[in-house]
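Just so we're on the same page: letters track the sequence lines, and every chain starts at 1. Atom set for the values below is all heavy atoms of this structure, side chains included, hydrogens, waters and symmetry mates excluded.
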Amino acid sequence: MQHFEEQFAALSGTDHEPPSLQQLRQTAFDQFKEIGFPQQSWEAWRFTNLKSVERGRFRLAAAKDLPTISDEAAIGLQIPTLLFVNGHYQPNLSKAPAGVTVSTLLESYSEDAALVTNGYDAGRSPFAVLNTAMMNSGLHLRFTEEFSSDSAVRFLYLTTKLSEPIMNHPRLVVDLADGAQATIVEEYRGDGEQPYWNNALTVLRASTNSQLNHVRIQHEAASASNLGATFYQAPADSAIHGTYLSAGSALHRHDVNVVLSGEGADVTVNGLCLTRETEHADHNIIMDHVSEHVTSRMLFKYILADRSSGVFNGRAVVRQDAQKIDANQTNNNLLLSNDALMNSNPQLEIYADDVRCTHGSTTGQISDDALFYLRSRGLDTASAKALLINGFANEVVEEIKDDTVQAYARDILESWLEGVNRG
Amino acid sequence: MLEIKNLRVTVEEKPILKGIDLKVNAGELHAIMGPNGSGKSTLAHVIAGREIYEVAEGEITYNGKDLLDMDPDERALEGVFMSYQYPAVIPGVNLAYFMKAAANAVRKHRGEPEMDAVDFLSFIKEKLAEVEMDEAYLKRAVNDGFSGGEKKRNEILQMLTLDPSLAVLDETDSGLDIDAVRIVADGVNKFRRDDRAVVVITHYQRILQYMDPDVVHVLMDGRIIRSGGKNLAHELEEKGYSWLREEAAA
């Protein structure tokens, strides 16, 4: 904790921020100290060991961490992109389509603090609280009524060419105007051997009749830790479709909190989580049905290779007044190795009596029957396995609504599979 | 084309096939009949190369090559096809994608050019029509939610698409209504050629009414206890299998 106090003190040394923001940070940091790092005795953190982050002595990214970079770094997906490199926003290499207002967190905070601080409840999550205390990068995006592009907009958080272990606490806040339709890709990517830690917090506030497609892609370097939380607000008649694609980092933990607060809200949160070697990935999803007449679906699929491990905690909460809701929750896991380990815990917490809720979980290996069937049609073992794995993943990938982003997700899956096959 | 000599197969040390001899020439259609548990399906799976069946003794040659020495995919590429009694479900993989991958694997093996999506589509549409399957199946996951009849027609579709030399059809008629039996049998009849051989494994002679088998074998308790012409099938239909069992015991 002393290390974090030092880091926080260094951050507070700057005085370009309004006093109220400094106070907000201080309060949050005090809260973080009080809560402390999650212990495995805590129910929500039982299967995830955070010692590597706690003891990693990561320092906050500084100006000297910014490498020379050409816009080639952003290549991989040709869509309007807002680029961060090692925690530093690169406005010259970024562009947003017409109708999207891009502000720094400080700009929006100065306009109205609520723009940065509303729409989520950090609760007792030490990392969400720490993000408030230390948020050092990020953006506020407003999709206005004028926005009408079909193209996805990407927030790309790149970590590369590090010489020391750094940490960043990025925050992305997105507002959708009434009736707006937007696809947002939030991508965390990195390379190199140097350990680093990203502790991200994302707030996505949909409006009435708006339609939000959100794809969060995490393919950080194998040396990285990627922790974070996403908060969705789904008011009346809003539609949210979220996809979580995770294919990297030694340690990954992501919390998703959805509040369905108005009638007619419809939310899907899907995930495809790929782990290999000794990687560990943990998703904790809370789908909170507050209003009556809402629908939600949750489909998470893990593919675990080598000695990797995964955790899925999905909880559908149905409040007392949330009658006539329809909630579905599924977790399917495919183990590619005898040494891989999966902990799956789908839960329902229902206080209303006239609802339709289903949940289910399966964990298994590639079916021998299916593998033999494909081989007996002439496919070699590697091709047959790849076909079966792709088929397993497909249910999540094919639901990504934007074709360009879907193709990108398929590429990531394919290169992950190649990596697993190479061993 | 196919020659089996003294084939003995065990599953978990339990003998299932106890010395099978069978010779199938190009152009011929053989029917192998027998009651449940006689070893019919085991024979089909051993020809296809399923590893859980252990060949304790004997040999299988296919076009002069040692079939038992080949991996299942190698056998398929060399032209051995098996139609399954219970085809596996492949969730998330649509039929078009799967069939294109399989058809191109065979073409590549033969040194023929692979088909692109457009060529493949017109090719597979022709085959679909032959087994009276709608084009909508191409977008469905392989066997996922297919009825028994749809699965069997899909097997015949694959046979026609992959152009094998030897087709072994395991209980392809089981669970089919009379129309489906006719469609499946028609598919097999279209497939027949002087340079191809077919082995139809069945409990009932019903499907054989639509075919013209050259030889009918009766497999019982892991052995072929009788071989004969088409009439043997009719005889079995009338008398059941018990008279043969009694004869064999005597």
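Ranked by non-hydrogen atom pairs under 4.5 Å with chain A, the options B:Pro164, B:Gly49, B:Ala105, B:Ala101 are led by B:Gly49. The candidate with the highest count of non-hydrogen atom pairs below 4.5 Å against chain A, out of B:Val142, B:Asp73, B:Ile52, B:Ile90, is B:Asp73. Of the residues considered (A:Asn390, A:Thr381, A:Leu387, A:Leu388), A:Leu387 shows the highest number of contacts with chain B, using heavy-atom pairs under 4.5 Å.
Using a 4.5 Å cut-off between heavy atoms, B:Tyr86 does not touch chain A at all. A:Phe392 touches chain B through its backbone: at least one of N, CA, C or O sits under 4.5 Å from a heavy atom, while the side chain does not. Contacts between B:Asn143 and chain A at a heavy-atom distance below 4.5 Å involve the side chain alone, from C-beta outward.
Ring centers of A:His280 and A:Phe47: at least 6.0 Å apart, outside the cut-off.
In this structure, CZ in B:Arg50 is found 10.0 Å from CZ in A:Arg375, a value given to the nearest 0.5 Å. To the nearest 0.5 Å, atoms CD1 (B:Ile124) and CG (B:Leu160) are separated by 9.0 Å. Note that CG of A:Asn331 and CG of A:Asn343 are 10.5 Å apart. Values are rounded to the nearest 0.5 Å.
In summary, of the residues considered (B:Val198, B:Ile207, B:Val199), a side chain to side chain contact (heavy atoms under 4.5 Å, CB included) with B:Leu169 occurs for B:Val198 alone.
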